[in-house]
J.: 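The following block contains the structure, expressed as structure tokens.
It should be emphasised that the depicted structure is a prediction, and the values quoted were computed from it without experimental measurement.
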Amino acid sequence: MPMDKNTAAESAQAATRAVGSDDYALSRVPRDKRLGFWTMLLQWLAQSGSISQFTLGATIGVGMTFGDAFLAFTLGAVILEVVIFAIGLAGMREGLATPLLTRWAGFGRNGSALVSLVISVSLVGWFGVQNTIFGDSVSALVGGPSWLWCTAAGVGITVLVIFGFKYMAVFAKIVTPLFFAMVAWSVTDALSDHSFSELIHSPAPGETIPLAVAATAIAGGFMTGAIVSPEMTRYNRKGSHVFLQSASSMILSEYIVGLTGVLLGHMVGSGQVSQIVLSTSGVFGVLVVLMSTAKINDWNLYGSSLGVVNFFQVVFGKRVHRGAVTIVLGIAGTLLSAVGMMTHFTDFLSVLGVAIPPVGGIIVAEYWVVRRMRAPLDATRDAQTLPATSPTWVPMSLVIWAVAFCVGKFYDGGIPALNSLLTAFVLYCVLGLAGWIRTYGTTALDDTTEPTPAASGTATVGAP
């Protein structure tokens, strides 16, 4: 007997809900679902294992002495760690990812939709770009069309992310030790015929790179990842774990991987060192690099899916399943990378890279300094539920966001990503504590606007 239209629609909706894991996309991560120290540590360390970090180190090494490069990586690591800990600790305390956290940390319900859209587009864009770079690299190394490698990597990462954080953590346990063992073998073999002392004390083989430029490349390159760190830290059990794990990741990424890249750059006089890391590893090395690329790029797709889920609930009033969203985003990013389209969007993605840091500055300012919008989070934290309502609009936050973006984009000094983040932080603190930031309207969690006093007037953020 054929199903009627309503039954068919319900069946399709049920099938969509059953795809993969929703991973608490629109709720707090329960305390009994948080993961242990070592499992989370491997997740963090997996973000440090990338060929691109060796290339960044080599590029900096071509234009800097080892000592100057050490200072640049130190500056970049300190900046990133401060940002990651300040935002990541908020995510751990609340069990919330960045898109949902912003409803009560500076932006309100409607503002969080805009934040979600910017983050989602940026992350899925970089997913496609990284996929393209991987496809081109493997094609040059072992042959075969680039589109085939792009498709294989994109499909593999998408399948992994569909099933969520728990499976991503298991994958990290396998990939992380293999990647660093392979790289250690390759790099040791490459450096064995050279004097370690001479490489450290050798002059920069290329044109000098200023310290500020190098620090910009180091800190700016991972700033978006720092802003969305709650996507990971919401699964942490303790604040001390957030600090120790993220600091360990910074030490490995900047001081070990990055500075090793500096030595390789001094050795070959070029930033093109990926072949050194791969050439002595054979097929096994290619497979490990494939997996390590997936372990880094899976976070781009994962973070994008969480942002889209929040965006759809706010804008369309629909609760879409994160697993289903992952399929759509993964297919789109994979297809665009396979046909070579993503490389044309890198300039646009770089602009978004300056637009995202102010979000972090506003979150930190509201959550840790001004601390007025977060009261509902405090009241519901022990019960592990979400507040029944959230502010609808916080217009001044959007103004601050725009001003901070302009500072980061058009001011030539310093580190653009850091400039925009600090501008947003300072402006929000000053205006919030002075009582000039006001919320407009109150929206219930089920997306129905209630006729509360705040809906017809305003509420001051930061006023006594």
Side-chain angles (χ1 to χ4, degrees), residues 24-28 87 90-91 94-121 227 230 306-320 355-356 358-381 383 385-405 424-425 427-429 431-464:
Y24 310 101
L26 291 173
S27 62
R28 297 180 188 264
I87 298 177
E94 306 303 339
L96 297 176
T98 302
L100 198 56
L101 180 63
T102 55
R103 294 192 189 189
W104 298 276
F107 288 90
R109 170 187 176 273
N110 293 352
S112 77
L114 184 57
V115 170
S116 298
L117 180 63
V118 171
I119 289 176
S120 297
V121 171
I227 303 305
L306 292 173
V308 169
V309 170
N310 184 64
F311 178 82
F312 263 80
Q313 189 197 31
V314 172
V315 175
F316 301 107
K318 302 291 185 181
R319 289 177 174 261
V320 294
I356 292 176
V359 173
I362 291 172
I363 291 174
V364 174
E366 166 56 36
Y367 192 88
W368 295 111
V369 181
V370 180
R371 302 179 63 177
R372 295 294 178 158
M373 286 177 64
R374 81 172 228 188
L377 290 175
D378 294 336
T380 57
R381 188 181 303 121
T385 59
L386 286 178
T389 62
S390 65
T392 304
W393 283 106
V394 189
M396 188 58 72
S397 291
L398 301 181
V399 174
I400 292 171
W401 189 6
V403 171
F405 166 77
F425 174 79
L427 285 177
Y428 193 96
C429 286
L431 297 179
L433 293 175
W436 291 357
I437 297 178
R438 298 174 180 273
T439 63
Y440 288 78
T442 300
T443 303
L445 193 61
D446 62 1
D447 293 324
T448 58
T449 303
E450 297 178 344
T452 59
S456 58
T458 62
T460 302
V461 176

J.: I'd like to check Val369 versus Phe425 (side-chain heavy atoms, cut-off strictly below 4.5 Å). Are they in contact?
T.: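 Contact flag for Val369/Phe425 side chains = yes.
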J.: Would you give the length of the straight line joining atom CD1 of Ile362 to atom OH of Tyr428, rounded to the nearest 0.5 angstrom?
T.: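 Between atom CD1 of Ile362 and atom OH of Tyr428 there are 7.5 Å.
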J.: What about the rings of Trp401 and Phe107, do their centers lie closer together than 6.0 Å?
T.: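 Between Trp401 and Phe107, the centre distance is under 6.0 Å.
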J.: Roughly how far, to the nearest 0.5 Å, is CD of Gln313 from CG of Leu26?
T.: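 Answer for the CG-CD pair, Leu26 versus Gln313, is 4.5 Å.
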J.: Does the side-chain contact (heavy atoms from CB on, under 4.5 Å) test come out yes or no for Leu386 and Leu96, once each step is laid out?
T.: CA-CA 10 Å; Leu386 286 178; Leu96 297 176; 3.7 Å; yes
J.: Who pairs with Ser27 by side chain to side chain donor-acceptor pair (under 3.5 Å), at least two apart in sequence or on another chain?
T.: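 So Ser27 forms no side chain to side chain donor-acceptor pair (under 3.5 Å) with any residue.
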J.: Which residues satisfy the side-chain contact (heavy atoms from CB on, under 4.5 Å) test with Ala25, sequence neighbours excluded?
T.: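 Residues passing side-chain contact (heavy atoms from CB on, under 4.5 Å) with Ala25: Asp22, Leu306, Val309, Arg322.
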J.: Closest heavy-atom contact between Val315 and Ala113?
T.: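 Here Val315 and Ala113 meet closest at CG2-CB, 3.9 Å.
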J.: May I ask you to test the Thr102-Val359 pair for a side-chain heavy-atom distance under 4.5 Å?
T.: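 Yes. Closest side-chain heavy atoms under 4.5 Å.
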J.: Give a yes or no answer on whether the side chain of Arg438 reaches the backbone of Val394 with a donor-acceptor pair at less than 3.5 Å.
T.: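 Answer holds: no.
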J.: Using modelled atom types and a 3.5 Å cut-off, is there a donor and acceptor pairing between side-chain atoms of Ser390 and backbone atoms of Gly108?
T.: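 No; judged by distance alone, with no hydrogens or angles, the pair does not exist.
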J.: Would you kindly say whether Thr380 and Arg28 are connected by a side-chain donor-acceptor distance under 3.5 Å?
T.: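 Thr380 vs Arg28: donor-acceptor pair found between side chains.
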J.: So, using side-chain contact (heavy atoms from CB on, under 4.5 Å) as the criterion, who are the partners of Leu427 when residues are at least two apart?
T.: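 Leu427 satisfies side-chain contact (heavy atoms from CB on, under 4.5 Å) with Ile400, Val403, Thr423 once adjacent residues are dropped.
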J.: Is there a side-chain contact (heavy atoms from CB on, under 4.5 Å) between Tyr367 and Trp104? Walk through the geometry before answering.
T.: CA-CA 8 Å; Tyr367 192 88; Trp104 298 276; over 6 Å; no
J.: What is the distance from atom CG of Leu117 to atom CZ of Phe312, rounded to the nearest 0.5 Å?
T.: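 Reported to 0.5 Å precision, the distance equals 10.5 Å.
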J.: Quick one: CD1 on Ile437 to CZ on Arg372, what's the gap to the nearest 0.5 Å?
T.: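 That separation rounds to 12.5 Å.
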J.: Could you grab the distance from atom CD1 of Ile227 to atom CD1 of Ile119, nearest 0.5 Å is fine?
T.: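 That separation rounds to 8.5 Å.
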J.: Apply the test side-chain contact (heavy atoms from CB on, under 4.5 Å) to residues Asn110 and Leu114: give CA-CA distance (whole Å), side-chain angles for both, the deciding distance (0.1 Å), then the verdict.
T.: CA-CA 7 Å; Asn110 293 352; Leu114 184 57; over 6 Å; no
J.: Which residues pass the side chain to side chain donor-acceptor pair (under 3.5 Å) test with Thr98, sequence neighbours left out?
T.: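 Residues passing side chain to side chain donor-acceptor pair (under 3.5 Å) with Thr98: Glu231.
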J.: Is a side-chain donor or acceptor of Ser397 paired with a backbone partner of Gly106 at a separation under 3.5 angstrom?
T.: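 Yes, the answer is positive, given that a donor and an acceptor are paired below the 3.5 Å cut-off.
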J.: Could you pull out the closest heavy-atom pair between Gly307 and Pro99, with the gap in Å?
T.: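 Smallest interatomic distance, heavy atoms only, reads CA-CG, 3.7 Å.
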J.: Using modelled atom types only, decide if a donor and an acceptor are shared between the side chain of Ser112 and the backbone of Arg109 within a distance under 3.5 Å.
T.: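 It does hold such a pair.
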J.: So, using salt bridge (Lys or Arg N to Asp or Glu O under 4.0 Å) as the criterion, who are the partners of Arg381 when residues are at least two apart?
T.: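 So Arg381 forms a salt bridge (Lys or Arg N to Asp or Glu O under 4.0 Å) with Glu94, Asp378.
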J.: Could you tell me which non-hydrogen atom of Gly360 sits nearest to which non-hydrogen atom of Ile87, and how far apart they are?
T.: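 Closest pair (atom of Gly360, atom of Ile87, distance): CA-CD1, 3.5 Å.
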J.: Grab the two heavy atoms, one from Ala424 and one from Pro358, that are nearest each other, plus how far apart they are.
T.: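 Scanning both residues completely, I find the closest heavy atoms to be CB-O, 3.5 Å.
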J.: Tell me the closest heavy-atom pair linking Thr392 and Tyr440, and the distance in Å.
T.: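 That would be CB-O, 3.2 Å.
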J.: Taking all atoms of both residues into account, what is the closest heavy-atom pair of Leu101 and Ala90, and its distance?
T.: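 So the two residues come closest at CD2-CB, 4.2 Å.
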J.: By side chain to side chain donor-acceptor pair (under 3.5 Å), which residues pair with Ser116, not counting sequence neighbours?
T.: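 In terms of side chain to side chain donor-acceptor pair (under 3.5 Å), with neighbours along the sequence ignored, Ser116 is linked to Asn310.
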